[in-house]
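Accompanying notes for the structure given below.
In what follows, chains are A, B, ... by sequence order, proteins preceding strands, each numbered from 1.
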4 protein chains.
Amino acid sequence: MRSEAARRAILGATARLFALRGYEHLTIEGVAAEAGVGKQTIYRWWPSKGALVAECLLEGLLLPERLGPRDTGDVRSDLIAWLEEIDELIEQPLGATLFRSLVAAAAENVDVARRLYGSLGATSSLTGRLEAAMAAGELRSDTPMQEIGEALTGATVVRALGRVPATPGSSRRLVNAVIGSVSTDA
Amino acid sequence: MRSEAARRAILGATARLFALRGYEHLTIEGVAAEAGVGKQTIYRWWPSKGALVAECLLEGLLLPERLGPRDTGDVRSDLIAWLEEIDELIEQPLGATLFRSLVAAAAENVDVARRLYGSLGATSSLTGRLEAAMAAGELRSDTPMQEIGEALTGATVVRALGRVPATPGSSRRLVNAVIGSVSTDA
Amino acid sequence: MRSEAARRAILGATARLFALRGYEHLTIEGVAAEAGVGKQTIYRWWPSKGALVAECLLEGLLLPERLGPRDTGDVRSDLIAWLEEIDELIEQPLGATLFRSLVAAAAENVDVARRLYGSLGATSSLTGRLEAAMAAGELRSDTPMQEIGEALTGATVVRALGRVPATPGSSRRLVNAVIGSVSTDA
Amino acid sequence: MRSEAARRAILGATARLFALRGYEHLTIEGVAAEAGVGKQTIYRWWPSKGALVAECLLEGLLLPERLGPRDTGDVRSDLIAWLEEIDELIEQPLGATLFRSLVAAAAENVDVARRLYGSLGATSSLTGRLEAAMAAGELRSDTPMQEIGEALTGATVVRALGRVPATPGSSRRLVNAVIGSVSTDA
DNA sequence: GGCTAATCGAGACGGTACGTCCCGTCTTTAG
DNA sequence: CTAAAGACGGGACGTACCGTCTCGATTAGCC
């Protein structure tokens with residue numbers, strides 16, 4: 001019978017240390033100590049550091065639960081607002097570390113990658129928003145939603161990795177470029 | 001007097017092991033052994049694993065020297081061809097590992113990130129190609145080149161991380177979406 | 001209500017694993033698994049690994065029930081025969097391990113020590129045999145029985161620990177030396 | 001190039017902890033910590049806990065350098081004095097633990113056993129003393145020295161294991177019994 | 001053309017973390 | 001109500017690498 005208390009303590013400790021020190025410096029021993037738990041209890045339920053992070057992600061312990069774009073009826077501004085929200089998150093001191101660590105974790109662990117792809121990326125609320133826009137006639141019916149989703153999130157990832165500071169208006173330019181050609185209000 | 005032979009052996013070993021095992025499992029001891037070199041010789045000239053990888057990148061030991069898009073006079077097809085070339089590279093068994101490891105390395109090391117951003121991304125030959133297209137009148141003069149560069153490479157990165165298999169036509173759809181609105185032939 | 005079946009299974013498993021792997025590598029978990037028993041059932045009734053072994057000893061699960069010297073009317077030859085019997089036991093591959101493990105267990109656990117001392121050593125059938133010999137006039141009345149008992153068993157222990165192979169005649173020489181001076185037939 | 005400082009620190013720590021806590025509770029990690037040394041430095045040079053103890057024994061860090069019987073010209077009293085010296089050593093609080101731990105170590109490790117057998121037992125100064133006595137005509141020329149040595153040390157071992165407190169005169173009785181029949185002064 | 005200093009390979013050193021095995025205690029579940 | 005099953009916090013195992021530190025044994029170039 002698995003102990004829910006231990007599970008929560010472990011995920012909490014993981015999230016705390018991950019945000020603080022990054023994926024590379026996250027250690028199972030550190031998590032065990034921080035959680036007040038035996039190492040074996042971690043190894044019993046998670047095969048790897050990556051799986052631990054993936055589950056934190058799933059539980060919303062690393063990123064705000066609702067990170068997707070809102071729906072105010074205007075896709076363009078919704079997407080811009082969303083990207084700027086993310087930029088802001090990254091601009092914070094720990095935010096950049098956290099974000100890059102998530103990318104590192106995704107690069108090294110399939111679980112994290114899938115979880116992240118599903119939560120930030122294509123399958124997610126972003127796709128939902130795009131579909132809504134299409135239904136509302138804001139976007140053409142042949143809009144390549146997956147590609148657009150990947151372009152938007154990808155640009156953010158690339159900027160975060162490249163340590164490129166956000167420039168005013170860059171989210172607007174990005175959104176305009178990416179959905180400009182499929183937008184019906186052009 | 002620095003030994004060029006040792007330097008080459010070290011970088012070669014790094015590139016080999018990096019492509020084979022990934023960034024996470026790359027160890028200085030492993031590189032030293034593979035290169036037939038004392039560990040100190042590595043530490044004497046490189047401060048970290050990341051720096052080692054960054055220099056490999058610079059020397060073209062990890063990625064093909066000329067990875068940017070060609071210039072046939074048609075930006076659209078040039079970009080599509082370029083993305084498909086990268087997709088092909090990623091499709092190969094070791095290619096995916098290599099690519100993801102590069103992302104992991106970039107996430108954890110500034111040097112690698114800058115090098116990679118400059119070689120795949122915005123500052124690079126990609127930007128050059130876009131500028132040429134603008135000059136040739138293929139793209140409008142207000143084209144946000146940096147954002148477009150980030151969107152294109154970012155989409156590729158996201159797909160590689162998400163382990164999303166390439167779909168036929170997805171490169172075309174991506175390019176059309178991203179430069180569609182600034183393309184003068186629309 | 002203590003389960004006799006469990007008790008027997010546990011002691012049996014202990015004896016088997018002890019003879020097989022030795023005292024040091026005997027584990028409670030191993031015993032529980034081998035016996036098909038919960039660990040708690042062991043801890044409920046025995047305080048330690050040593051107590052487990054001690055009880056096996058008491059039950060005759062580790063050493064032949066009747067290990068003492070026989071009484072044919074001739075102490076000398078009875079003692080020699082007895083020592084040679086033990087030598088034979090030790091000569092067998094598992095016998096040496098078993099014997100040394102018993103010594104190790106005795107060194108680390110009082111219960112085992114007392115049990116073993118009482119079963120091999122002074123208080124035991126050996127003393128009984130010596131007393132009989134004294135009564136029969138084979139040994140002088142001032143024979144220091146405890147010391148003789150300790151010398152005989154001790155020599156065996158020392159040889160077993162020192163991994164000294166038995167030499168023909170060494171039991172005879174030992175007995176002659178040890179009881180020579182108190183033997184009335186000299 | 002092996003560090004002599006580390007070697008000494010390790011053996012010293014081993015001896016200290018062994019005498020203090022006994023063989024069973026001696027841990028490599030404890031020795032490493034006590035010696036201020038990395039674990040790997042221990043594993044690099046010694047294959048096991050037993051080898052560590054054996055080397056301590058060899059270096060005289062566990063037992064007084066000269067533990068054998070003296071030669072005053074009278075074997076009997078020399079042997080008695082020697083046994084009483086050992087009894088005294090065992091009577092001390094840490095002495096008993098140390099002695100039993102040595103036996104446990106010998107039971108579980110060949111190296112320790114050989115070392116101990118050679119240092120306390122037959123091959124040792126004890127045999128030397130007996131030979132001298134034989135040469136001096138105190139003992140008969142057919143004295144079975146190995147057996148006598150084993151009987152004397154063995155009796156001590158058995159008493160120590162059995163936690164039998166030393167009785168006044170028991171060393172005298174033991175010696176008289178064991179060498180009584182080969183002593184020429186009878 | 002020998003001297004001196006820097007660099008080389010090799011690898012030991014004090015450490016940190018790994019993932020595994022058991023410990024002895026505690027809790028749940030099925031008979 | 002008992003006992004199997006096994007999760008729990010913890011300690012130690014033996015291994016892999018970390019980055020630093022001596023070691024001789026080559027090499028430089030500078031006198």
Side-chain angles (χ1 to χ4, degrees), chain A residues 1-7 9-10 21 24-49, chain B residues 1-7 9-10 24-33 35-49, chain C residues 1-7 9-10 24-33 35-49, chain D residues 1-7 9-10 21 24-49:
Chain A
M1 175 72 18
R2 180 166 184 179
S3 154
E4 183 59 19
R7 184 177 159 275
I10 290 166
R21 315 249 178 242
E24 202 181 24
H25 299 114
L26 184 71
T27 68
I28 301 282
E29 291 210 332
V31 171
E34 171 86 6
V37 136
K39 275 200 288 179
Q40 198 55 46
T41 302
I42 299 182
Y43 284 111
R44 192 159 18 238
W45 303 111
W46 292 275
S48 67
K49 190 162 89 152
Chain B
M1 172 64 32
R2 179 167 183 177
S3 153
E4 184 58 20
R7 184 176 160 277
I10 290 166
E24 202 180 23
H25 299 114
L26 184 71
T27 67
I28 300 283
E29 293 209 331
V31 171
V37 134
K39 277 201 291 177
Q40 198 55 248
T41 303
I42 299 182
Y43 283 111
R44 196 165 7 243
W45 305 110
W46 292 274
S48 69
K49 188 161 91 151
Chain C
M1 171 59 47
R2 178 167 182 178
S3 153
E4 184 59 20
R7 186 177 159 277
I10 290 165
E24 203 181 23
H25 299 115
L26 184 72
T27 67
I28 300 282
E29 292 208 332
V31 171
V37 135
K39 278 201 291 178
Q40 199 55 245
T41 306
I42 298 181
Y43 283 110
R44 194 158 16 237
W45 304 110
W46 292 274
S48 69
K49 187 162 91 152
Chain D
M1 175 74 22
R2 181 167 181 181
S3 153
E4 184 60 19
R7 185 176 159 275
I10 290 166
R21 315 249 176 243
E24 203 181 22
H25 298 116
L26 184 70
T27 67
I28 300 283
E29 291 210 333
V31 171
E34 171 85 8
V37 135
K39 273 199 288 178
Q40 198 55 47
T41 301
I42 300 181
Y43 284 111
R44 192 161 15 237
W45 303 111
W46 292 275
S48 68
K49 190 161 89 151

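- Residue D/Thr41 places its side chain closer to E/dG14 than to any other of E/dG14, F/dC8, F/dC18.
- If you take CH2 of D/Trp46 and P of F/dT15, they are 16 Å apart, rounded to a whole angstrom.
- In the set F/dA4, F/dG14, F/dA7, the nucleotide with an atom closest to the side chain of C/Val37 is F/dA4.
- Here the side chain of A/Gln40 is nearest to one of E/dC8, E/dC21, E/dC23, namely E/dC21.
- An OP1 or OP2 oxygen of E/dC13 is reached within less than 4.0 angstrom by a side-chain nitrogen or oxygen of D/Trp45.
- Look at CD on C/Glu24: it is 17 Å from P on E/dC21, rounded to the nearest Å.
- Considering only the side chain of C/Ile28, E/dG24 comes nearest among E/dG24, F/dG19, E/dC18.
- Residue B/Arg44 is the one, among B/Arg44 and C/Lys39, whose nearest nucleotide of DNA chain E lies closer to the 5' end (criterion: closest heavy atom).
- Whole-Å rounding puts the D/Met1 CE to F/dG24 C1' distance at 9 Å.
- Considering only side-chain atoms of D/Thr27, the nucleotide from F/dC13, E/dG9, F/dC8 that sits closest is F/dC13.
- Atoms CD (D/Glu34) and P (E/dG14) sit 14 Å apart, rounded to a whole Å.
- When each of B/Lys49 and A/Ala6 is assigned the nucleotide of DNA chain F with its nearest heavy atom, A/Ala6 is the one assigned upstream, toward the 5' end.
- Interatomic distance, CD of A/Glu24 versus NZ of A/Lys49, reported as 7.0 Å (0.5 Å rounding).
- Residues B/Tyr43 and B/Ile28 form a side-chain contact, since some pair of their non-hydrogen atoms from C-beta on lies under 4.5 Å apart.
- In this structure, CD of B/Glu4 is placed 15 Å from P of E/dT7, rounded to the nearest angstrom.
- Looking at heavy-atom distances under 4.0 Å, A/Gly30 makes no contact with the nucleic acid at all.
- Within a 6.0 Å radius of CZ in D/Arg21, other residues, nucleotides and ligands contribute 12 heavy atoms or fewer.
- Per the geometry, CD1 belonging to A/Ile42 stands 12 Å off P belonging to F/dG10, to the nearest Å.
- In this structure, the CZ atom of B/Arg2 is 18 Å from the P atom of F/dT27, given to the nearest Å.
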Derivation and outcome, side-chain contact (heavy atoms from CB on, under 4.5 Å), residues C/Arg7 and C/Trp46: CA-CA 10 Å; C/Arg7 186 177 159 277; C/Trp46 292 274; 3.8 Å; yes
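- Of the two residues contacting DNA chain F, namely D/Leu26 and B/Glu29, the nearest-nucleotide position lying further toward the 5' end is that of D/Leu26.
- Considering all non-hydrogen atoms of both residues, D/Ala6 and D/Ser3 come closest at N-OG, 3.0 Å.
- Among F/dA7, F/dG14, F/dG19, the nucleotide with an atom closest to any side-chain atom of B/Tyr43 is F/dG19.
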